[in-house]
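In what follows, a single structure is set out as C-alpha cells and then discussed.
Chain letters run A, B, ... following the sequence lines, proteins first, then strands; residues in each count from 1. Given the structure is predicted, the values throughout are model-derived calculations rather than measurements.
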Amino acid sequence: MKHVVVFIEHKNGGARRSSIEALCAARPVADALGGAVHAVVAGAQAAAVAEALKAYPADRIHVLDDASLAKAGVDPLVDALESVARAAGPALVLVANTMIGRDVGSRFAARVDAGINADVTGIEVRDGRVACRSPKLGGSTITTCAFKNTDYGVATLRPNVFAVTAAPGQGEIVALAPSGKSYVVTVEDEVEEAAPELGVEEASVVVSGGRGMGGPEPFTGMLHDLAEAFGGAVGASRAAVDAGWISHGHQVGQTGKTISPQLYIAVGISGAIQHKVGMRTAATIVAINKDAGVPIADFADLLVVGDAFAIVPELTKLVREAKAVHA
Amino acid sequence: MKIVVTVKLVPDTNADKRIDPATKRLVRTGVDIVLNPFDEYAIEAALQLRDALADGSTVTIFSMTPESGREIVRKALAMGADDAVILSDPGLAGSDVWATAYAIAHGIKAGEFDLVLTGTQSTDAISGDLPGMLAEYLGIPALTYARELHVADGRLRIKRETETGYQTVSAPLPALASVTKSANEPRYPSLKGIMGAKKKDIRSLALAELGLTKAVGGDGARTEVLALATPPAREHGRTVTAADGAAGARAVFDFLQSRHLL
Ligand SMILES: Cc1cc2nc3c(=O)[nH]c(=O)nc-3n(C[C@H](O)[C@H](O)[C@H](O)COP(=O)(O)OP(=O)(O)OC[C@H]3O[C@@H](n4cnc5c(N)ncnc54)[C@H](O)[C@@H]3O)c2cc1C
Ligand SMILES: Nc1ncnc2c1ncn2[C@@H]1O[C@H](COP(=O)(O)O)[C@@H](O)[C@H]1O
C-alpha cells in the first residue's frame, strides 16, 4: 500500500465536499508512504468535475465522462475505481462515508478481498503502515485499526472531519477507458423532494428540531430558515421523525445518522442518550430548550433556556445580518 | 421465490456496551442480545413480499451468530419467517466486516435464494458496508436504501432513498436490497406466531460445510485493532436563561462569535 486512490462522488458537475475532503486527506498519507494520489471521477459531467479538482492536491485525475453511466447505478463506478486501483498496484482507497461512498467502497472491497475501516476520523502512517481512527459504540470508544492480510485497504471517511486544503495546478488529467460491460441495474428516475441541498451528514452546521417543535411547520419554516442562514441542513430527533413531521433521512442518533458538524443547534430536543450518540462528536453544541433540567445541559457547550419559537426567528435575523456584512 | 433475510444479533441498545481491552472485541456476555432493530424492517419487508406473492414463496432468516443466539433468532420466526439458518462456528470469532461478508455470502450460496434482504446498518458496528460486500460476493446487483420494494416479472424494483429525495431503481433477480426504516412498521409477534415458531426449523451451518478458500475469523480478518482509547467526556457547558426571544438569540449569537463560528 503505497498509493492512495480517492473515489470522487459528484452531482450536477461539482464534486461533493466530502469527496474533496477525502482527496485532501489522501495527500499526507501518500507523502508518508512515498506514493501518489489518484482521483477517480466517472459519470455525467466528469470532465468538468475533474477540471475543478485541479485546485486540490491530486497527482493524477482519472476521468470517464459518460452521461449514460448515471443510469446504471454504482456498478460502473466500482469498475472505474477498480481499474485505477489495480493499475496503481497495492493501494489505500478512500471514499467518503456517504450513501454512494459506502455502496462503491464496500463493493470494491469485496472485489479485491480488501478490509474496510468504516467511519474514519483520522489516518496516520506508522512504520509504513496505515492506521485509521474511528469512533465506535456511539463515540464512547475510539479504535485505531490497521489493515492486514490484504494488498488493498478501504477507508470510508466521515464527512466534515478532514480539512480542505487548496493546492492548485498539480493534478494531471488522464482519460479512463470504459469497461465495455453491460450493466443490469437501471435507475429509472430520480425525484428531488423538499430537502436541503446538503444532507445532515455533510453539512457543517445542522439545526435540529425535536418534539418541542409541536408539528411539521417549523421544519420547513423557522428551522429551515436558520439552517439556510448558515448554509447548513435541518436535522431532527426521532420523536419528530416518528411524529411524521420530517422524513427519516434527517434523523440524528442511534437509529439515524451519526454526524460531526462544526456546529449543532438542538432546538426543543431533550438530549436522550440515543440522540446524543449521533451528535456528540460535533465540534460545538448549542441547545435551545424551555427546560433548564434537560439531559442535553450535561454536554451542550451552551444551553439557552427559553421559548424556541421566540428565539429562533430572532437568531436567524442576527445570523443573516452578520453574514451579509461579511459577504 | 426464496427470500433470505440477513439478521445480526446485537447487544441491547440500553445495555452498557464495551470492548474488552485484552481481546479488543465487543463484550457479548452479561448483556442482553437482541435482533438488530434495523433488520426488523428487512424481515417485515420480506414477509409482506411473500404474502403479496402468495405463490409458495418462503422467507429464510440467515444469521452469523454464536449458537447462544439461536433462541433470539426464533423471534424472527415468531414474526412469521418460515425457517432459519445460523452460521455458528468457533472459527468465526474475531471476524471483521470483510470476513463476515465473505462467510455469510458463502453460507447463503450453500442454499437457494432469489432475493436477499438486509438492514441498512447494525446498531453496534454502524458500518453499513456489509450489504454491498455481500452482493459482490454473491455476484448479484445491490439495490440499497429501499423505502419501497416490488417484485414483478423477475425484476426487483425499489424506491431508493437519496440524501435529497429518492430514485426508482430496478434489477433482475437474483438481487440484494437493503431496507430502510421508512419502508414499513415491523409487526410484533402474535401469540400464535410465538407458539408456531417453537416448531420451526433453525439449522446450524458450520464453516467446514462452506468450502471456503480463504481464512476467516481473527486470523483471516483484513483489519486489526491496534489500540482503543476513551475520548475526553464533553464538559457541562454554560446555561443562560433568556428573558425574551431577542435576549436568547443574542446569547447564542455572542457565543458563536466568541467561537469564531460567525
Ligand atoms: C432503540 C431506540 C433507538 C432510538 N434512536 C433514536 C435516534 O436515532 N435519534 C433520536 O433522536 N432518538 C432516538 N431514540 C429516542 C430517544 O430515546 C428519545 O425518545 C428522543 O430522542 C426524544 O426526542 P426529543 O428530544 O425530540 O423529545 P423529548 O425528549 O420529548 O424532548 C422535547 C424537548 O422539547 C422541549 N420543548 C418543548 N417545547 C419547547 C419550546 N417551545 N421551546 C424550547 N423547547 C421546548 C422540552 O423541554 C423537551 O426537553 C431511540 C430510542 C430507542 C429506544
Ligand atoms: N453477523 C451477521 N449475520 C447476519 N447478518 C448480518 C451480520 N452482520 C451484519 N449483517 C447484515 O448486514 C447489515 C448491515 O450491517 P453492518 O454492515 O454491520 O452495519 C445488517 O443490517 C444485517 O442485515
Side-chain angles (χ1 to χ4, degrees), chain A residues 73 99 102-103 106-107 109-111 114-119 131 137 139 141-150 184-193 195 199 247-249 254-255 258 262-263 274 280 284 286 292 297-306 310-311 314-315 318-319 322, chain B residues 13 17 19 37 96-98 101 123 126-129 132-133 135-137 141-145 161-172 180-182 214 220 222-231 234 236-242 244-246 248-249 251-253 255 259 261-262:
Chain A
M99 296 168 98
R102 281 191 291 275
D103 281 1
S106 61
R107 192 132 200 158
R111 189 159 305 166
I116 297 195
N117 278 316
D119 205 19
L137 304 184
T141 300
I142 309 283
T143 59
T144 303
C145 290
F147 296 98
K148 63 171 190 171
N149 298 331
T150 175
V184 296
V185 171
T186 311
V187 178
E188 299 174 357
D189 65 22
E190 173 136 22
V191 177
E192 301 286 333
E193 293 174 318
S247 67
H248 177 246
Q254 190 192 314
T255 45
T258 303
Q262 290 304 312
L263 172 62
Q274 295 90 351
R280 72 162 138 206
T284 297
V286 171
D298 292 337
F299 57 95
D301 299 290
L302 175 71
L303 166 65
V304 174
V305 181
I311 296 171
E314 292 294 328
L315 178 58
L318 292 175
V319 174
Chain B
T13 46
K17 282 172 279 192
I19 297 177
D96 64 347
V97 183
W98 173 80
T123 53
I126 323 194
S127 92
D129 293 319
M133 295 188 89
E136 177 69 18
Y137 280 123
L143 306 185
T144 51
Y145 303 103
E161 280 187 3
T162 65
E163 276 96 356
T164 52
Y166 68 87
Q167 298 173 323
T168 308
V169 194
S170 70
T180 64
K181 214 173 155 280
S182 27
K214 299 182 174 88
R222 261 52 170 161
T223 50
E224 130 182 63
V225 183
L226 300 179
L228 296 171
T230 307
R234 285 197 90 99
H236 185 117
R238 234 165 12 106
T239 298
V240 174
T241 303
D244 58 22
V252 176
F253 186 81
F255 173 77
R259 292 239 171 163
L261 285 162
L262 273 172

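Looking only at distances, no side-chain donor or acceptor of Arg238(B) sits under 3.5 Å from a matching main-chain atom of Asp301(A).
Both the backbone and the side chain of Ala142(B) come within contact range of chain A, each with at least one heavy atom under 4.5 Å from a heavy atom of that chain. With a 4.5 angstrom heavy-atom cutoff, Asp119(A) does not touch chain B via any of its atoms. Proximity to chain B (any heavy atom under 4.5 Å) is shown, for Ala297(A), by both the backbone and the side chain. Phe255(B) touches chain A through its side chain: at least one heavy atom from C-beta onward sits under 4.5 Å away, while N, CA, C and O do not.
Between Arg102(A) and Tyr145(B), the side chains place a donor N or O and an acceptor N or O closer than 3.5 Å (distance only, hydrogens not considered). Donor-acceptor pairing under 3.5 Å is lacking for the side chains of Glu190(A) and Thr162(B). Side-chain N/O atoms of Asp103(A) and Thr144(B) include a donor and acceptor closer than 3.5 Å. When only modelled atom types and interatomic distance are considered, Arg222(B) and Thr150(A) share no side-chain donor-acceptor pair under 3.5 Å.
Of all non-hydrogen atoms in Cys145(A) and Val225(B), the two that sit nearest each other are SG-CG2, 3.9 Å. Considering all non-hydrogen atoms of both residues, Val184(A) and Pro172(B) come closest at O-CD, 3.5 Å. Between Gln254(A) and Thr123(B), the shortest heavy-atom distance links the atoms NE2-CG2, 3.8 Å. Closest approach of Ala109(A) and Met133(B) over heavy atoms only: CB-CE, 3.9 Å. Across all their heavy atoms, His236(B) and Asp298(A) have their closest contact at ND1-OD1, 3.3 Å. Summarising the geometry of Leu226(B) relative to Ala131(A), their closest heavy-atom pair is CD1-CB, 4.0 Å, with the distance given to 0.1 Å.
Thr186(A) OG1 to Gln167(B) CD: the interatomic distance, rounded to the nearest 0.5 Å, is 12.0 Å. Atoms OG1 and CG, on Thr284(A) and Leu261(B) in that order, are 5.0 Å from each other to the nearest 0.5 Å.
For the pair Val305(A)/Thr239(B), a side-chain contact is recorded, criterion being any heavy-atom separation below 4.5 Å from C-beta on. Residues Val185(A) and Val169(B) form a side-chain contact, since some pair of their non-hydrogen atoms from C-beta on lies under 4.5 Å apart. Two residues are said to be in side-chain contact when any heavy atoms from C-beta on lie closer than 4.5 Å; Ile116(A) and Trp98(B) fail this criterion. At least one side-chain heavy atom of Glu188(A) sits under 4.5 Å from a side-chain heavy atom of Ser170(B). In this structure, Thr230(B) and Thr141(A) have side chains that are not in contact, with every pair of non-hydrogen atoms separated by 4.5 Å or more.
Note on Arg107(A) versus Glu136(B): salt bridge recorded, some NZ/NE/NH1/NH2 to OD/OE distance being below 4.0 Å.
Thr168(B) pairs by the side-chain hydrogen bond (donor to acceptor under 3.5 Å, both in side chains) definition with Asp189(A), not counting sequence neighbours. Applying the side-chain contact (heavy atoms from CB on, under 4.5 Å) rule to Glu314(A) yields the partners Lys317(A), Ala246(B), Ala249(B); only residues at least two apart in sequence or on another chain are considered.
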